[in-house]
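The first residue in the sequence is number 1, and the count goes up from there. Treat the numbers as computed from the prediction; the structure is a model and nothing was measured.
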Amino acid sequence: MSTLKQLLLIWMALVPSVCFSNTITIDIAVNSDQQQKYLQLVQQQNCQTVNHYSHPAAYRLSLELLIICKALTYSQLDFNFKFFDIPNYARALKEAERGNVVMSATTVWQDDMDTTNFYVTTAVFQSGQFIKGLFTTPEYKQQIELKLAGLPHAHSERVILHALRNYHVLSSRQWWHDWAMLEKLELPAVNASQDNTLCLMLTAGRAQLFIGELVMVGPEQTSVPCESVNLAPIEGIKFVFPISRHFAVSNQHPYGQLVFNALQKGLAQLQQQGEIELVLFPTEKIRQDLKSRVDLYPH
């Protein structure tokens with residue numbers, strides 16, 4: 001063996017193997033709660049093997065991050081996540097727009113994205129699949145449901161809305177789709193300037209209701225933990241948003257095109273296998289319950 005070849009072998013043994021790896025680091029914007037629940041959901045497993053969508057940590061934010069991981073894994077992209085703690089939806093989108101992260105870890109409303117700055121994936125939530133409801137404390141839940149049950153024409157949107165106008169709904173002007181909906185429905189809205197004040201304001205009685213998701217929740221996860229109380233949804237009503245939601249990948253980031261192509265490939269496989277549908281509605285009972293509710297979204 002030549003001296004040059006021996007030296008080359010010694011050098012290869014000494015240099016860390018990461019130098020020869022094709023693994024890429026995906027900078028992704030998350031909030032701390034999303035990251036924590038995602039790690040609880042995955043529990044150091046390969047995310048591709050995770051299919052327990054009724055896990056206590058299975059909420060929309062953790063499940064959307066799981067979908068990203070699964071899609072990238074199915075595409076056979078060799079990657080690691082690098083989480084960047086971002087306080088809210090708008091900030092995550094802004095950081096991706098600037099190319100400081102590859103993408104936000106949450107889906108984005110179709111009309112919130114400037115396509116000159118983003119690659120937009122196929123819809124994760126098709127139009128009409130993103131469904132929300134009104135959540136409240138156990139005491140108000142019983143009071144409101146009794147009131148709604150005693151109404152004449154209880155399935156009338158107009159009658160239900162008239163009854164709900166006696167209560168205040170906590171939201172944020174930053175969630176402009178929710179806020180615009182409340183204004184159109186003439187439901188009294190209370191603005192929370194920061195996401196982390198929502199629970200405090202509810203438990204302090206500043207409002208009685210909160211808008212939360214009714215999809216991507218397991219059968220045992222129909223409540224929203226909020227400080228010392230679990231908020232439960234008002235039965236029989238829903239808001240069906242006629243707007244699709246997608247993943248937005250920065251076209252300013254060096255890995256943007258690569259990650260977008262991988263996501264598209266993986267999402268197509270997840271859709272074909274019916275896994276996206278399963279994440280949205282982990283049981284048929286949930287699907288049928290939501291189907292039977294009265295849609296209050298303004299049309």
Side-chain angles (χ1 to χ4, degrees), residues 22-31 34-35 38 60-61 63-130 132 171-181 183-184 193-195 213 215-216 240-271 276 279-280 297-298:
N22 292 321
T23 303
I24 69 166
T25 297
I26 296 179
D27 305 326
I28 190 165
V30 301
N31 68 43
Q34 180 182 27
Q35 179 180 342
Y38 169 76
R60 179 178 66 84
L61 294 181
L63 289 172
E64 285 184 349
L65 184 48
L66 179 66
I67 287 173
I68 294 171
C69 182
K70 283 198 168 198
L72 293 175
T73 302
Y74 277 130
S75 76
Q76 299 185 332
L77 184 69
D78 189 3
F79 72 97
N80 290 313
F81 282 139
K82 183 177 181 181
F83 296 125
F84 281 80
D85 190 8
I86 302 294
N88 55 49
Y89 169 93
R91 176 68 180 279
L93 203 56
K94 181 60 68 176
E95 294 297 328
E97 184 178 348
R98 293 169 177 163
N100 294 333
V101 295
V102 182
M103 63 183 296
S104 168
T106 68
T107 55
V108 178
W109 294 111
Q110 186 273 330
D111 50 0
D112 278 353
M113 291 174 285
D114 180 351
T115 53
T116 61
N117 296 310
F118 292 103
Y119 302 115
V120 180
T121 70
T122 53
V124 177
F125 292 91
Q126 305 288 340
S127 174
Q129 284 190 320
F130 198 77
K132 290 192 173 188
S171 186
S172 170
R173 287 191 175 92
Q174 295 180 6
W175 305 338
W176 72 270
H177 289 87
D178 289 15
W179 195 264
M181 178 184 73
E183 288 185 331
K184 286 182 181 179
S193 58
Q194 296 181 348
D195 295 359
E213 285 98 14
V215 285
M216 284 194 175
V240 179
F241 287 75
I243 312 162
S244 58
R245 287 179 68 108
H246 310 248
F247 290 123
V249 182
S250 173
N251 64 16
Q252 303 299 309
H253 194 281
Y255 290 143
Q257 182 76 66
L258 177 66
V259 170
F260 170 71
N261 291 341
L263 269 178
Q264 287 288 78
K265 183 178 179 181
L267 286 172
Q269 186 168 346
L270 288 170
Q271 291 279 16
I276 298 290
V279 178
L280 290 171
Y297 193 91

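Closest approach of Ile276 and Leu267 over heavy atoms only: CD1-CD2, 4.4 Å. Nearest approach of Pro87 to Arg91, heavy atoms of both residues: CD-CG, 3.9 Å. When every heavy atom of Asp27 is checked against every heavy atom of His253, the shortest pair comes out as OD2-NE2, 3.4 Å. Smallest separation of non-hydrogen atoms from Gly256 and Val249: O-CG1, 3.4 Å. Among all heavy-atom pairs drawn from Ala248 and Phe118, the shortest one is CB-CD2, 3.7 Å. For the pair Leu61 and Gln34, the tightest heavy-atom approach, listed with the atom from each and the gap, is O-NE2, 2.8 Å.
Going from atom CG of Asn100 over to atom CD1 of Ile86 covers 8.5 Å, rounded to the nearest 0.5 Å. Within the model, atoms CZ of Arg245 and CD of Gln129 stand 12.5 Å from one another, a figure rounded to the nearest 0.5 Å. Here the CD atom belonging to Gln126 is positioned 7.5 Å from the NE2 atom belonging to His246, to the nearest 0.5 angstrom. Going from atom CD of Gln252 over to atom OG1 of Thr116 covers 8.0 Å, rounded to the nearest 0.5 Å.
With hydrogens and angles ignored, the 3.5 Å screen pairs no side-chain donor or acceptor of Glu95 with any backbone N or O of Ser104. A donor-acceptor contact shorter than 3.5 Å links the side chain of Ser127 to the backbone of Pro242. Side-chain atoms of Asp178 never come within 3.5 Å of backbone atoms of Ser172 as a donor-acceptor pair (strictly under, hydrogens ignored). Under a 3.5 Å cut-off, the side chain of Gln264 and the backbone N or O of Thr122 do form a donor-acceptor pair. Side chain of Thr121 to main chain of Phe247: a donor-acceptor pair is present (N/O by atom type, distance under 3.5 Å, no hydrogens or angles). A donor-acceptor contact shorter than 3.5 Å is absent between the side chain of Gln35 and the backbone of Val30.
Side chains of Thr107 and Ile67 form no contact here, defined as non-hydrogen atoms less than 4.5 Å apart. Side-chain contact between Arg60 and Phe125 is present, with at least one heavy-atom pair separated by less than 4.5 Å. Between Leu65 and Ile28, some side-chain heavy-atom pair lies under the 4.5 Å cut-off. Side-chain contact between Val279 and Leu270: absent, with no pair of heavy atoms (C-beta onward) separated by less than 4.5 Å. Taking 4.5 Å as the limit, every side-chain heavy atom of Tyr74 sits out of range of all side-chain heavy atoms of Lys265. By the 4.5 Å heavy-atom criterion applied to side chains, Val259 and Phe79 are not counted as neighbours. Between Glu64 and Thr106, some side-chain heavy-atom pair lies under the 4.5 Å cut-off. Taking 4.5 Å as the limit, every side-chain heavy atom of Leu280 sits out of range of all side-chain heavy atoms of Val124.
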Check your understanding: Stepwise, does the side-chain contact (heavy atoms from CB on, under 4.5 Å) test hold for Tyr38 with Phe83?
Key -> CA-CA 11 Å; Tyr38 169 76; Phe83 296 125; 4.1 Å; yes

Exercise for review: Walk me through it: do Leu72 and Phe81 pass the test side-chain contact (heavy atoms from CB on, under 4.5 Å)?
Suggested key: CA-CA 11 Å; Leu72 293 175; Phe81 282 139; 4.2 Å; yes

Practice item. Evaluate the side-chain contact (heavy atoms from CB on, under 4.5 Å) criterion for residues Tyr297 and Lys184: first the C-alpha distance (whole Å), next the side-chain angles of each, then the deciding distance (0.1 Å), finally the verdict. Key: CA-CA 9 Å; Tyr297 193 91; Lys184 286 182 181 179; 5.9 Å; no

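Ring-centre distance between Trp175 and Tyr89: not below the 6.0 Å cut-off.
Asp78 and Thr23 are linked by a side-chain donor-acceptor pair at a separation below 3.5 angstrom, with hydrogens and angles left out of the test. Using modelled atom types, one finds no donor on one side chain facing an acceptor on the other under 3.5 Å when comparing Ser244 with Gln110.
Between Phe260 and Tyr119, the angle of the ring planes stays under 30°, which puts this pair in the parallel group of the 30/60° scheme.
Here Thr115 pairs with nothing under the side-chain hydrogen bond (donor to acceptor under 3.5 Å, both in side chains) rule; sequence neighbours left out.
Among pairs with a residue in residues 107-116, none fulfils salt bridge (Lys or Arg N to Asp or Glu O under 4.0 Å), at least two apart in sequence or across chains.
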